[in-house]
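To start, the structure itself, in structure tokens.
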Amino acid sequence: NAGVTQTPKFRVLKTGQSMTLLCAQDMNHEYMYWYRQDPGMGLRLIHYSVGEGTTAKGEVPDGYNVSRLKKQNFLLGLESAAPSQTSVYFCASSLTSQYNEQFFGPGTRLTVL
Amino acid sequence: GENVEQHPSTLSVQEGDSAVIKCTYSDSASNYFPWYKQELGKRPQLIIDIRSNVGEKKDQRIAVTLNKTAKHFSLHITETQPEDSAVYFCAPGGAGSYQLTFGKGTKLSVIP
């Protein structure tokens with residue numbers, strides 16, 4: 001099993017450009033999450049999904065959109081990138097609830113110039 | 001929303017000594033209390049968790065204790081080793097919420 005994978009690993013954007021980050025899991029997990037990690041700020045939840053076709057906002061959703069069309073995939077979109085979105089993005093998944101272990105992907109380092 | 005604070009933000013210990021990290025939270029409805037470890041350049045990984053019906057849980061050299069009345073829980077690492085050097089995050093959550101709220105992290109350095 002590959003676990004949780006993220007594509008791409010690194011990306012550099014110019015202000016105003018758009019991009020999509022892909023998260024995939026092969027563990028048949030129901031819950032999926034997108035976090036951003038900035039120095040000294042811990043992990044902050046952007047959006048999450050409790051099942052295929054459902055999404056919800058987390059702590060810092062502004063400037064991001066998500067979709068969960070397939071159970072195994074969770075996409076994070078930036079429509080018009082801003083320098084404040086420079087960060088490391090982690091995707092995670094858990095089996096059936098918030099009480100289950102979250103398994104994290106390797107992260108995507110995004111720089112917006 | 002949940003307000004989570006971790007103390008200390010950095011901690012240096014000699015190899016073989018014990019380390020304790022404390023996490024305070026604000027939501028009295030929280031009933032799940034995990035700790036995650038993140039090594040430099042790696043992804044976070046769960047190391048231990050506890051539910052609110054249990055006061056303490058041990059797994060070899062690590063333990064978590066919970067004081068629900070005071071709304072704090074702590075990570076204890078005994079006989080520290082260099083490989084324990086990492087950033088540790090608490091992430092309380094549970095009833096009434098689908099999400100966990102991560103603290104800002106504690107950087108633990110174990111000096112050989």
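Comparing A:F103, A:F104, A:F90 by how many heavy-atom pairs each has under 4.5 Å with chain B, the most go to A:F104. Comparing A:A92, A:G105, A:G107 by heavy-atom pairs within less than 4.5 Å of chain B, the highest count is held by A:G105.
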Pull every donor-acceptor pair under 3.5 angstrom between chain A and chain B and give the atom names with distances.
| from | atom 1 | to | atom 2 | distance (Å) |
| --- | --- | --- | --- | --- |
| A:Q37 | OE1 | B:Q38 | NE2 | 3.1 |
| A:Q37 | NE2 | B:Q38 | OE1 | 2.8 |
| A:Q98 | NE2 | B:G94 | O | 3.2 |
| A:Q98 | NE2 | B:S97 | O | 2.7 |
| A:Y99 | O | B:Y32 | OH | 3.4 |
| A:Y99 | OH | B:N31 | OD1 | 3.1 |
| A:Y99 | OH | B:N31 | ND2 | 3.2 |
| A:Y99 | OH | B:A95 | N | 3.1 |
| A:Q102 | N | B:Y36 | OH | 2.9 |
| A:F104 | O | B:R43 | NH1 | 3.0 |

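Contact of B:P44 with chain A is made through backbone and side chain together, with heavy-atom distances under 4.5 Å. Looking at A:V88, there are no atoms closer than 4.5 Å to chain B (heavy atoms on both sides), in backbone or side chain. Within the 4.5 angstrom heavy-atom criterion, only side-chain atoms of A:L45, from C-beta onward, approach chain B.
Cluster membership check: B:F89 does not share its hydrophobic cluster with A:V60, using side-chain heavy-atom separations under 4.5 Å among Ile, Leu, Val, Met, Phe, Trp and Tyr. One hydrophobic cluster, built from ILVMFWY side chains closer than 4.5 Å, cannot hold both B:I21 and B:V87; they sit in different ones. In the hydrophobic clustering of ILVMFWY residues, with side-chain heavy atoms under 4.5 Å counting as a link, A:L78 and A:I46 come out together. No continuous path of ILVMFWY side-chain contacts below 4.5 Å connects B:I62 to B:V20, so the two sit in separate hydrophobic clusters. By the rule that hydrophobic residues join a cluster once side-chain heavy atoms approach within less than 4.5 Å of another member, A:L110 and A:V12 end up as members of separate clusters.
Counted within 6.0 Å of CG on B:L40, heavy atoms from surrounding residues, nucleotides or ligands total 12 or fewer; the atom is thus considered open.
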